[in-house]
Protein chains: 2
Amino acid sequence: MFAYADFVGQVAREMAGELYGTMPGETNGEYHDALRPAKNGSAHAPTVPATLTPHTTSRETGSGGTQRGKSMASIQSIARYTGLSPATVSRYLNGHPYVSKEAQYAIELAIRELDYRPNASARSLRSGKTSRVAIVVFDASHPFCSGLIGGAGKAALQHGYDLLVQQAGAPGWQPERSVELAATRAVDGIIMASGSGLSRRHERELAALPVVTCDLDPSQSKLPGVYIDHYRSVLDGLEHLRERGARRIACVYVSGDQLASSSTRRQEAYRAFAGQYPSIEVIPVETENDLIEDGYTLLERLMQLPEPPDAVFTGSDDLAAGCLLAAQARGISVPEELRILGFDDGPVAEVLGISTIRQPVGRLGARAFQELYACISRGHTHESTDASTRSGRGTTGSARGSTAGSTLSSRGNAAAAGGGTAGSGSRIRVRYHLIARATT
Amino acid sequence: MFAYADFVGQVAREMAGELYGTMPGETNGEYHDALRPAKNGSAHAPTVPATLTPHTTSRETGSGGTQRGKSMASIQSIARYTGLSPATVSRYLNGHPYVSKEAQYAIELAIRELDYRPNASARSLRSGKTSRVAIVVFDASHPFCSGLIGGAGKAALQHGYDLLVQQAGAPGWQPERSVELAATRAVDGIIMASGSGLSRRHERELAALPVVTCDLDPSQSKLPGVYIDHYRSVLDGLEHLRERGARRIACVYVSGDQLASSSTRRQEAYRAFAGQYPSIEVIPVETENDLIEDGYTLLERLMQLPEPPDAVFTGSDDLAAGCLLAAQARGISVPEELRILGFDDGPVAEVLGISTIRQPVGRLGARAFQELYACISRGHTHESTDASTRSGRGTTGSARGSTAGSTLSSRGNAAAAGGGTAGSGSRIRVRYHLIARATT
DNA sequence: CTGTTAGCGCATTCAG
DNA sequence: CTGAATGCGCTAACAG
């Protein structure tokens, strides 16, 4: 098969955050700072002995401001250059009417000549907006998170926004950082896609800011959020297994809910399912992480049980893959003896032929941004216009064929209207797909 | 097997950027734009008849500034609150000495009371720095890119920096956006990890800014950059195949080099290898994309050839996976009849047991940031102190056992000293690993 | 159509 | 130890 031990080692190391450090034994020649050329300023480097103050061209360099020598052209510069006033230039820049043709030409020329660029900070300071939002995920390199980032980023772009990424799982990160980001107006709003380390206090602080949670358990906080209905997707998945004859189903949940996913909701679904089908045994199983290796050991643990399960609801493709590999290694036939269901429909599930539940991750991220954008445009922070009429529009079971619809719910500022017909309400629905594959 | 057609459809759709849009048929209650408050400007959109100027609440809301009602506490506010001067407060905030105990307490209280937060834009405006850098990738949700983002983000965090992400592959993105980001001082620097659409002009503009390329072909631009030595890794990979008896090797390259990877370097390596071993036939193969589906069709194409290859150097795990699946579908025995080598060592290669070449993607991103950081700290932009003495420190072949070392090179501002011993030079080395697995 | 004035929030002189 | 003054770059009110 494959070098499993080695693999485990690698993953463990990478997850431990060592992946970007300097490995011992690698020839690591850092830069010499010595031969730094003095390209600074208008040919007078500040590195001068300092006994004689280089006399900074008297004024102009003034007190604070841009210390990068080039002394970036300002709106003033081009005002002087053209003989116009800063106001006129500003007007031109912002596309205001009432700027004479001559002025326009002159300004355009000056801009090109002086290589002028408006200063973003100054603009933000004046306008109070940054055209920038942040998304907080646990680990940007995790497929789920990166999907979120991708989707949110694309949506942001369409509105002229940029996306800042913070990783709650990175060494040194603290919840403070995210709160401050918005509080200090470094961004216009935040998409919280990681519940990691979110204390009550932080949440309270966040509530005062434009924030939207993303795939966080909605019952955990009062913040508006976009999320997939894990409860129903789990029920559908279990139903899928049941229909195919499973009677002892191992139901996995991740202990540390570091990653953005509502494991509590899942567990509720497990319980609900167990209640609904007393004849089926639901075996809750805990795992610390959801990587392939974890799945591997997980299955070995399961097989130690006096009465091993005949199905595993893993809640993750990687776990499922690990389970499958372990099963194959043990000579357990899948799916005859053991059914395995994944989650997310990543490449791994694809190539291994694992049945799984596909989530519209990219769209989830995009919706999150859109909600946030609405929030921001409205000038609100979150304003509890809470009327979550959790509509239970049928369709709960019946994983008929290979796909079943579910909802992606959005609980936002606008009043939530439960109804079934389209339009008017803050609920947005997309479909997830339960994909049945031959292997598992 | 698995529902391949369906899969292909999905991937195709997602790559087309539709992944975050609204699917037809889903109940999608978009927001009504009707109730959007007229928060534009100070309430007079330029589209207005302009006869009467709406006259905004006289002072306090004044001219520009924060339009969010709460009227954020400023340093002034707490100066007034405490009876101190703004200067003292500022001193306190920046940890200056010479602030009396009493003042401190008073200020701390006021801060808590007024819920004060320093304004990031104002700070940036003054200081000229943002503590923020941008990374430009083609698609954040691609494993390679997300690895870069993850690594860069973590490294950034350690220096108190935040990371902004732009996706060059997103609909609507233009190279302008990236340039402007740095030019307008919205960020302190840029990590360019996507060569997509980079014209000469843009590159020239970038050259004047703190920028570091990441995994872009170093021969393509004069910008400083961090990159993996694809040339040598390819040679090692081919050597690996040769040692195992391959004599007709299909060498894949991606036509559009949209993703951050130097396909030209690879092709050079292909040629070099072909020159070195005249008895081995190197068959260059082009593919538009590097997804599993592409690998699948790729192999089918290869098998149409009069003389099919006995090995494939795919340059991508996904491609390799596709090849493997296609081969299995055709009843071709792997590795006996056909050897397949992947690249990156992602989960897919892992579970399928595909031999592959692991790249330290996270570390690559991290190094890129570190280079950029050095750049920024030094106050430089890039200054071509170019002396790339490409050292060829042995170790080229000999994929002995299962791993072989290679270099991750960094070409920066400081002069590059080729030498073998540690230190002194701009070269940074880490190891990639060629991982041999049973299946392929 | 244009210039003058003023101030966004902060940090840094320079005098006390 | 502290306060007054100044300006970072930009834009929105006013007058012209």
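No hydrogens, no waters, no symmetry mates; every other heavy atom, side chains included, goes into these values. Here is how names work: the chains are called A, B, and so on, in the same order as the sequence lines, proteins then strands, and each is numbered from 1.
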Participant: What pairs with E176(A) under salt bridge (charged side-chain N to carboxylate O under 4.0 Å, His left out), at least two apart in sequence or on another chain?
Facilitator: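 For E176(A), the residues satisfying salt bridge (charged side-chain N to carboxylate O under 4.0 Å, His left out) (neighbours in sequence not counted) are R201(A).
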Participant: What integer distance in Å separates R185(A):CZ from dC10(C):P?
Facilitator: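 Taking atom P of dC10(C) as the reference, CZ of R185(A) is at 11 Å.
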Participant: Taking only residues two or more places apart in sequence or in another chain, which ones pass ring-ring contact (aromatic ring centres under 6.0 Å, His included) with H159(B)?
Facilitator: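 Listed in chain order: F369(B), Y373(B).
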Participant: Taking only residues two or more places apart in sequence, or in another chain, which ones meet R91(B) in a salt bridge (charged side-chain N to carboxylate O under 4.0 Å, His left out)?
Facilitator: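 Salt bridge (charged side-chain N to carboxylate O under 4.0 Å, His left out) list for R91(B), sorted by chain: empty.
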Participant: Identify, with sequence neighbours excluded, every residue that meets salt bridge (charged side-chain N to carboxylate O under 4.0 Å, His left out) alongside E203(A).
Facilitator: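 Once residues adjacent in sequence are excluded, the partners of E203(A) under the salt bridge (charged side-chain N to carboxylate O under 4.0 Å, His left out) criterion are R200(A).
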Participant: Got a sec, which residues hit side chain to side chain donor-acceptor pair (under 3.5 Å) with S90(B), two or more places apart in sequence or on another chain?
Facilitator: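 Listed in chain order: nothing, the list is empty.
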Participant: Using five pairs at each end of the helix from dC1(C)-dG16(D) to dG16(C)-dC1(D) to define an axis, what is the angle between those two axes, to 10°?
Facilitator: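 The end axes of the helix from dC1(C)-dG16(D) to dG16(C)-dC1(D) are about 40° apart, to the nearest 10°.
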Participant: Mind jotting down which residue pairs meet the side chain to side chain donor-acceptor pair (under 3.5 Å) criterion with at least one end in residues 92-112 of chain B? Sequence neighbours excluded, please.
Facilitator: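 Applying side chain to side chain donor-acceptor pair (under 3.5 Å) to every pair that reaches into residues 92-112 of chain B, excluding sequence neighbours, yields Y92(B)-E108(B), N94(B)-R123(B).
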Participant: Can you sort out which residues in residues 100-107 of chain A have a heavy atom within less than 4.0 Å of DNA chain D? Ascending by number, please.
Facilitator: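 Hits under 4.0 Å, by residue number: none.
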Participant: With sequence neighbours left out, what residues match Q167(A) under side chain to side chain donor-acceptor pair (under 3.5 Å)?
Facilitator: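 For Q167(A), no residue satisfies side chain to side chain donor-acceptor pair (under 3.5 Å) once neighbours in sequence are set aside.
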Participant: Expected output is a numbered-order residue list: members of residues 82-91 of chain A with a heavy atom under 4.0 Å from any atom of DNA chain C. What is it?
Facilitator: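 G83(A), L84(A), S85(A), A87(A), T88(A), R91(A), in order of number.
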Participant: With sequence neighbours left out, write down each residue that passes salt bridge (charged side-chain N to carboxylate O under 4.0 Å, His left out) with E180(A), or none if nothing qualifies.
Facilitator: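 E180(A): salt bridge (charged side-chain N to carboxylate O under 4.0 Å, His left out) contacts with R117(B).
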Participant: I want to verify a distance call: between dA6(C), dG9(C), dA11(C), whose nearest atom is closest to the N94(B) side chain?
Facilitator: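 In terms of side-chain proximity for N94(B), the closest of dA6(C), dG9(C), dA11(C) is dA11(C).
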Participant: For T130(B), which residues count as a side chain to side chain donor-acceptor pair (under 3.5 Å) partner, sequence neighbours excluded?
Facilitator: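 By the side chain to side chain donor-acceptor pair (under 3.5 Å) rule, T130(B) matches D188(B).
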